[in-house]
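To start, the structure under review is shown below, and the notes come after it.
The analysis underlying the following values was restricted to heavy atoms, covering all of them including side chains, and did not include hydrogens, waters or symmetry mates. Sequence lines set the chain letters: A, B, ... in the order given, protein chains first and strands last, and positions in each chain run from 1. Owing to the predicted nature of the structure, the values given are computational and were not obtained by experimental measurement.
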Amino acid sequence: MAKEITARDVDYSQWYNDLVLKGGLADYSSVRGCMVIKPYGYGLWENMRDALDKAFKETGHVNAYFPLFIPKSFLSKEAAHVEGFAKECAVVTHYRLMNDPNGGGVIVDPSAKLEEELIVRPTSETIIWNSYKNWIQSYRDLPLLINQWANVVRWEMRTRLFLRTAEFLWQEGHTAHATAEEAIIETEKMLHVYAKFAEEFMAMPVIKGKKSANERFAGALDTYCIEAMMQDGQALQAGTSHFLGQNFAKAFDVQFLTKEGKQEYVWATSWGVSTRLIGALIMAHSDDDGLVMPPKLAPLQVVIVPIFKGAEQLNMIFDKLKPLMDALKAKGISVKFDDDDQKRPGFKFAEYEMIGVPVRLAIGARDLENGTVEVARRDTKEKSSQQLEGIENYIEQLLVDIQQSMYNKALAFRDANIRKADTWEQFLKMIEEPGFIYAHWDGTGETEEKIKELTKATIRCIPLDNPQEDGVCIFSGKPSKERVIFARAY
RNA sequence: CGGGGUGUAGCGCAGCCCGGUUAGCGCACCUGGUUUGGGACCAGGGGGUCCCAGGUUCGAAUCCUGGUACCCCGACCA
């Protein structure tokens with residue numbers, strides 16, 4: 001009643017916006033294309049960040065921080081790179097304001113023009129490789145495995161909360177290696193880290209693959225990606241890992257002395273995931289009643305709603321449940337006791353469903369008498385009455401079950417929406433249905449472009465470990481040895 | 001940058017065609033009371049440069065001109 005959510009099948013975009021705004025994740029800001037990440041949404045990001053950061057550290061990476069501003073000349077050192085980003089860069093041209101002599105507040109001081117303009121980083125390859133040049137002399141300095149958590153700015157024409165905003169938060173790993181083989185291994189390793197995170201923490205199945213040349217990162221030799229299917233059947237790129245070859249090493253003249261005493265250019269990778277993952281999480285799991293958070297990332301895992309008349313009953317319930325709350329916290333499970341006496345239980349139920357808290361406990365006078373508690377799980381909305389005694393173990397297991405069940409559901413949905421097309425006619429028909437299509441492709445950018453023009457579908461990836469089979473391209477009829485994934489994408 | 005839409009209280013909207021009391025409704029908010037096992041009720045109360053600027057008029061939320069912001073759909077991208 002207080003907060004209505006547009007149903008998915010009425011208006012999917014509006015449903016998504018409703019969840020972000022009414023679920024308390026983010027808000028529009030006064031700055032075009034930029035959003036405010038609210039505490040609940042930021043808590044989710046913190047949980048994602050912590051899990052990823054741990055995985056990066058476990059694979060030998062360390063964190064550092066590089067400047068927000070990049071000298072304009074740096075960006076142009078790698079031709080493909082500047083080509084890819086030039087159209088969406090914010091540029092700093094001045095460093096001082098002054099009072100408007102005509103009385104209109106402050107204006108840019110025309111005398112404070114920067115000698116060299118600064119670009120607000122859309123990504124940090126150039127500023128980082130400029131440093132790496134000074135840090136790398138010999139093979140003993142390699143590999144160099146650095147990550148940074150940062151904000152970046154890409155001046156997008158059209159933005160959507162979390163999915164595409166002008167400013168967003170992300171991490172970017174930048175590594176340097178002595179050999180191409182080693183760099184490729186690193187690229188693939190980080191892709192697997194992302195895939196594992198998506199599946200184990202986000203409960204979101206992903207397909208690992210390589211991008212076609214058209215979809216490749218600006219400046220990369222190879223871009224690997226994880227692709228997820230959203231509930232409307234569209235694809236969403238959830239993370240990318242790039243093999244950069246020696247492009248940046250050459251652009252910034254980063255050479256090292258080998259064991260044998262030869263000067264060689266180093267080999268590079270970069271990889272990143274962003275707050276876009278929050279958008280993916282929402283669209284992978286949520287329903288018409290609100291957000292559905294996977295327990296491993298939920299900012300709040302368990303909420304307790306007491307049902308009481310008067311302060312005396314409230315206190316009795318609180319005293320009864322205090323040991324449970326302590327037991328849950330001892331297990332590392334976050335729990336909140338909602339003692340707000342201004343809102344009725346029914347309102348709270350709806351509210352916590354809206355924000356996707358995985359487990360809700362309700363307890364009233366009747367339960368106190370019986371030694372029971374009502375347990376409701378958000379993902380299936382099932383409710384059951386359980387003995388209060390030892391309930392912490394039940395809840396701990398329930399969170400595990402919910403996590404697994406959410407993954408299974410998303411996986412079943414995805415697999416039910418993947419089809420094979422063998423002819424152009426089939427493809428045209430299937431692309432109007434939600435989902436991914438496996439189809440043969442002749443490997444040319446021209447064909448890919450044509451298909452995109454005609455159907456809005458792009459090649460999401462060429463899956464890793466893709467089965468090899470002889471076939472003909474659905475569009476050109478030329479021979480092909482493997483199927484690739486086509487879909488409409490975010 | 002093209003197409004469409006919307007700017008009226010914190011949020012969602014009505015009023016605008018056809019100018020004329022004090023600009024209204026729902027939710028939220030504040031006070032008091034009764035309530036509390038799925039979005040409570042009663043009574044009282046506070047809150048508005050009607051997006052901005054110009055124009056027409058005795059009189060503009062309403063008509064005219066220009067601007068601006070945001071949302072949605074496309075082309076570009078994570």
Using a cut-off of 4.0 Å on non-hydrogen atoms, how would the nucleic acid contact of A/Lys383 be classed: base, sugar-phosphate, or nothing? base

Calculate the interatomic distance between A/Leu21 atom CG and B/rC70 atom C1'; express it in whole Å. 13 Å

Could you please name the partner base of B/rC50, counting Watson-Crick and G-U wobble pairs only when both distances are under 3.5 Å? none

Per the atom types in the model, does the base of B/rG38 pair as donor or acceptor with the side chain of A/Arg360 at under 3.5 Å? yes

The answer to which of A/Ala362 and A/Ser13 contacts RNA chain B further toward the 5' end, by nearest nucleotide, is A/Ala362

The single option from A/Arg360, A/Lys348, A/Arg344 passing salt bridge (Lys or Arg N to Asp or Glu O under 4.0 Å) against A/Asp338: A/Lys348

Just how far, in rounded Å, is P of B/rC76 from CZ of A/Phe85? 16 Å

May I ask which nucleotide in the shown strands pairs with B/rA61, Watson-Crick or G-U wobble, both distances under 3.5 Å? none

Watson-Crick or G-U counterpart of B/rC77, or none if no pair lies under 3.5 Å: none

Has the side chain of A/Lys309 got a donor or acceptor atom sitting under 3.5 Å from an opposite partner on the base of B/rG37? no

Give none if B/rU56 has no partner; otherwise give the nucleotide forming a Watson-Crick or G-U wobble pair with it, both distances under 3.5 Å. none

Hey, does the side-chain of A/Arg164 have a donor or acceptor N/O within less than 3.5 Å of a partner on the base of B/rC77? yes

With sugar-phosphate meaning primed atoms plus P, OP1 and OP2, does A/Glu353 contact a base, only sugar-phosphate, or nothing at under 4.0 Å between heavy atoms? base

In the strands shown, is B/rC41 matched to any nucleotide by a Watson-Crick or G-U wobble pair with both distances under 3.5 Å, and which? B/rG33

Could you tell me the separation between the CZ atom of A/Phe168 and the P atom of B/rA78, rounded to a whole number of Å? 9 Å

Counterpart base for B/rC13, defined by Watson-Crick or G-U wobble contacts under 3.5 Å: B/rG24

Taking only the P atom of each, what is the distance from B/rG48 to B/rC1 in whole angstrom? 37 Å

